[in-house]
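Reviewing the structure listed below.
What you are looking at is a predicted structure, and each value in this text was computed from that prediction instead of being measured.
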Amino acid sequence: MTVELEWMNVDNLPLPSDVIEILKNRGIIKLNPPQTEAVKKGLLEGKRLLLTSPTGSGKTLIAELGIISFLFKHGGKALYVTPLRALTNEKYLTFKDWEKLGFKVAMTSGDYDTDDAWLKNYDIIVTTYEKLDSLWRHRPSWLNEAQYFVLDELHYINDPERGPVVESVAIRAKRRNLLALSATISNYTVIAKWLNAEPVATNWRPVPLIEGVMYPDKKGYTILFKDNTLKKVYGDDPVIAYTLDSLSRNGQVLVFRNSRKTAELTARKIASYMNFIPLDEKALSDIVNEIDQIEEGGSEEKESLKELISKGVAYHHAGLSKQLRDIIEEGFRQRKIKVIVATPTLAAGVNLPARTVIVGDIYRFNRRIAGFQEEISVMEYKQMSGRAGRPGFDEMGEAIIVVRDKKNIDKIFKKYILSSTEPLESKLGNERAFYTFLLGILSAEGNLSEKELANFAYESLLPKSLVDIYFDRAIQWLSEHSFIREEEGKLILTDFGKRVADLYINPFTADIIRKGLENHRSSCDIAYLHLLAFTPDGPLVSVSKNEEEELMGLIDDLDCDLLIEEPYEEDEYSLYLNALKIALIMKDWIEEVDEDTILGKYNIGSGDLRNFVETMDWLTYSAYQLSRELKLEEHADKLRILNARVKDGIREELLELVQISGIGRKRARLLYNNGIRGLGDIVMNVDKVKSLLGPKLGEKIAQEAARLLNRFY
DNA sequence: ACAGAATTTCTCTAGACAGCATGTC
DNA sequence: CTAGAGAAATTCTGT
C-alpha cells in the first residue's frame, strides 16, 4: 500500500473562494495525505474513487469536497449513505456547514422520515443504506435528480445480514457517479474495479498507533508491541492492570468486552481502584444529576451507572437506553469520564477516540452454533483499535489485545497486528438475501425481462455461477408465492409483491404472515404478536433454560391458539419460544405494565425493549397493510389497533390521548385515571390538566389538544 | 453420618436497519 | 473446532 506524506495547501484547491473560506473557518489550512491523494486522483473533477483508509483519517472531508464540487458543476442532488442512524445524524450536522453556500441539507432515516415531497427541495441528503433502498422502491421523482452517491463504510458489505442491502445500493449507485469510502480492506483493487472506480488506499492516521499483545507472564503480564519492545505490568486482571497503567499516565481508556455482563463487571472492578486517580468530581456529579433528569432508561441501569460514573468509569452496551448512552459518550468526550467498558457498540459508529484501547476478548460466542467461540474478524479488531489515539490530546494511540493462553501469542499477533483485513465478499449468496434483492430491484426499476433482471444480479459481487443457481430458484419461488408474475416477457410485481417491497419486509416474512392470517378468520393479540415475532424480521431475545420450560407450559393456557404450528425441529422450536417471549413482552407493554417490571421480569435492558417495540411497531403495521391487501378485514381491524397500541405501549382506551406529542403511556394513564379521557376533556379541564402535569406542559398540551380538535371540525 | 469445603458440571453470551404520519429537516 | 464467569450440582474431607 502506498504511503504518501504530502499535505496540500487549501489555498491551492481549484474551488470557489467561499468554499475555501468555510474550510479555513473550521481550521483546515492543509489537506492531510489521504485527502491530498484523493484530490490528486481527480476527486474535484468528479472522478469515481474508492477510498480506503483507517478510521478518523478525514474521509468525511473528502466526501464533502466531492459533493460540493459535483454540485457546483452539475447541480442536482448528492446522497450520502451510511450504515448507522447515529452516523447519519453526525454527518448531517457536519454538512450543515454548507448551507452557508446555499446548499440545503437534509437527513432521512427510518426513525425520522419518509420519502415525502419535502426532500425534493434539498441538495444534500444524508441517509442510511436501508432507507435509500426503501426510497428507491417507492420511486419518488426527486430521486432521479440524485446523481452523486457517497457510500460510507462500504465494508459493511461483509455484514451477513445487512451487507446485501449495501451491495444492492452500490449496484444501483454505480450506474451513476459515486465516491466509496471504506475502512482498510485487502482486496480494494477488486472492489474498485467492481465499482468502476479508481482506488485510493492509504494507511495514514492522524495519531500514530502502536499495537501490542498482552499475555500472562511471571508475576504479572508482558506486552509485546509491534516494534518488538516489551512492557511489563502487574496485577491480577490484565485488563485492569493495563487500564490503571494508562490512567496513571493521564490517558483515557476504552475497553472492549464480549458480553454485557463482563463489561459491567470489568467496569465495577476498575471503579474500585479509581480512588488513586485524580478526577473532576464536580463535573462527574453533574453527569450523575443529568442521569436523574432523563426519562428513558430503567432505574436499575441508571443507579448502577450513577455509582460508577461518580468514580469516572462507565459501561456501555445496547441494553442501555439511548439517552443514557449519549450522556456517557458525551462525558467521555469531555474527558470527565476516564474509562468506558463497552461491548462492540462503540467499535463502529460515531467518533469516540481514547488514548488506549484494550481489546479484552478475541473470542466471541456464536449464536448460530451452540457452544462455539469464534475469533472476531480482523476488520472488527481494526475498528476497535482504530479508536486509539485522540487527536489534539494524545501523541500516540495504543491498542492492546489481551491473550490469556500463552500458546496463542504468535497466532494472535500475526493475525490481528501483522495481517491485513478480510477481503470484501458478497453476502447475497443465500435464499433470503437473494430473493429480497430481486424483489427490491423489480420494485425500484419497474417491469423487467428476466434477462434485464439477471443483468442486475450479474453486476453484484456474487460469482456468476452462484447467481445462476439462485436466480432461477428465486424466480420460481417468487412466482409460486405470488410476489411476481410474468406478462408479455416481463416480470411484474403483483400488488401483494409491490406492497411487500414497499413495506420493506422480507418476502419470507410476508409469506409467513399471509399463511398465518389466511388460516384463521380472526385472532388475539398474543397470537398476532407471536406470528410476527416468528418471522425472519422479528426480534431476537435470549431465552434461558428456565424460561423455555415456563414458556412451554404456558402455550396451552393462552387466550387463543397461536397462528404458527409448533415446530418439531429443535432450532425452529427455539425460535418459536423466542417469538413467544417477545409476544409476552409486548403483551405486557400494551397492557401498560410498568417498564421496570417488564425489564426485571424478562431480564432485558431498556434499550432492548425499545428495539423490540420499534421492530414490532413496524411489523404490526406491515401485517395490518397486508391484511388489507388480502381483504382480510377482521384481521385488519384488529391489527390496526394492535399497531397503535404497540407504538405507545397502551390499552385501547388511551389511543386518543397519545395523539398529543409529549403524552406517552404514563401521562396518558395519569390523565385518564383522573377523568380526562379525550381531547375534549383536556380542552374543557385545562386547569386540571395543568395541576396534573405542571403548568408549562399542561398549557402546551391543552393548546395541541385544541389544535387537533379543530382539525376534525 | 454430616456439615462444609473442594471440585466438577451446567448455563449463559453483541449489535441495530426497515413503514407511516407531518407543520421541524 | 477457538472462552470465561458465575451458579448449581456433585464429590470429597475431617471429625
Side-chain angles (χ1 to χ4, degrees), chain A residues 82-86 88-89 92-93 95-96 99 104-119 121-122 124-135 137-138 156 159 161-162 164-166 256-263 265-266 317-319 322 342-349 360-367 369-376 380 404-405 407-408 411-412 415 436 499-506 509 537 539-540 542-546 603 607-608 610-612 614-615 617-625 643-644 647 659 661 704 707 711:
Chain A
T82 85
L84 261 30
R85 291 174 193 165
T88 301
N89 191 44
Y92 166 72
L93 293 174
F95 296 171
K96 269 279 202 184
E99 296 206 325
K104 296 188 74 184
V105 185
M107 69 166 164
T108 176
S109 64
D111 58 346
Y112 206 57
D113 228 325
T114 65
D115 68 329
D116 275 344
W118 66 264
L119 281 172
N121 300 318
Y122 290 80
I124 303 172
I125 297 165
V126 191
T127 186
T128 59
Y129 283 101
E130 281 82 359
K131 184 66 188 188
L132 175 56
D133 190 23
S134 167
L135 283 170
R137 298 175 183 205
H138 285 87
Y156 264 76
D159 185 305
E161 275 159 46
R162 301 183 51 207
V165 179
V166 178
F256 288 102
R257 304 290 332 231
N258 65 358
S259 79
R260 295 176 181 185
K261 202 167 72 178
T262 48
L265 184 72
T266 306
H317 56 65
K322 183 77 174 68
T343 56
T345 19
L346 284 183
D361 313 85
I362 227 60
Y363 296 104
R364 185 156 56 230
F365 173 76
N366 183 321
R367 189 175 259 150
I369 311 163
F372 175 58
Q373 287 296 118
E374 68 190 342
E375 286 177 359
I376 60 170
E380 226 174 316
R404 291 182 175 74
D405 192 342
K407 72 174 196 291
N408 286 334
K411 190 181 76 172
I412 299 293
K415 169 167 175 179
T436 308
R499 202 84 195 87
V500 169
D502 283 353
L503 290 165
Y504 208 72
I505 54 176
N506 187 283
T509 293
D537 284 318
L540 285 177
S542 69
V543 182
S544 71
K545 280 268 196 307
N546 280 336
N603 188 27
D608 299 316
R610 176 50 41 202
N611 258 335
F612 300 156
E614 220 173 79
T615 304
D617 177 9
W618 165 51
L619 289 175
T620 46
Y621 178 81
S622 299
Y624 161 57
Q625 291 290 333
N643 172 236
K647 200 186 289 287
Q659 290 175 59
S661 59
E704 189 168 350
R707 195 182 56 76
R711 212 167 59 183

Is it the case that the base of B:dG19 and the side chain of A:Asp617 share a donor-acceptor contact (distance under 3.5 Å, atom types as modelled)?
yes
What is the distance, to the nearest angstrom, from the OH atom on A:Tyr129 to the P atom on B:dA16?
17 Å
Using atom C1' in both nucleotides, what's the gap between C:dT2 and B:dT13 to the nearest angstrom?
15 Å
Any A:Ser542 side-chain nitrogen or oxygen under 4.0 Å from OP1 or OP2 of B:dC12:
no
Identify whether any heavy atom of A:Leu619 sits under 4.0 Å from a base atom; if not, whether one sits that close to sugar-phosphate; answer base, sugar-phosphate or nothing.
nothing
Name the nucleic acid region contacted by A:Tyr92, choosing base, sugar-phosphate or nothing; use a 4.0 angstrom heavy-atom cut-off, strictly under.
sugar-phosphate
Check: A:Thr615 side chain, B:dA18 base, donor-acceptor under 3.5 Å
yes
Residue closer to the 5' end of DNA chain C, A:Asn258 versus A:Leu265 (nearest nucleotide)
A:Asn258
Leading and trailing nucleotides of DNA chain C with any atom under 4.0 Å from heavy atoms of chain A
C:dC1 to C:dG6
Other residues, nucleotides, ligands: >12 heavy atoms within 6.0 Å of A:Asp405 CG:
yes
Figure out the CG/C1' separation between A:Asn546 and B:dC12, and round it to whole Å.
12 Å
Among B:dC17, B:dC25, B:dG15, the one nearest any side-chain atom of A:Arg367 is B:dG15
Please tell me which of the listed nucleotides, B:dG19, B:dC17, B:dG15, lies nearest to the side chain of A:His138?
B:dG19
Donor-acceptor pair between A:Thr266 and A:Arg257 side chains, under 3.5 angstrom
yes
Nucleotide paired to C:dC1 in any strand shown, Watson-Crick or G-U, under 3.5 Å
none
Is there a donor and acceptor pair closer than 3.5 Å between the side chain of A:Arg707 and the base of B:dG23?
yes
Examine the side chains of A:Thr127 and A:Thr108 and answer whether a donor and an acceptor come within less than 3.5 Å of each other.
no
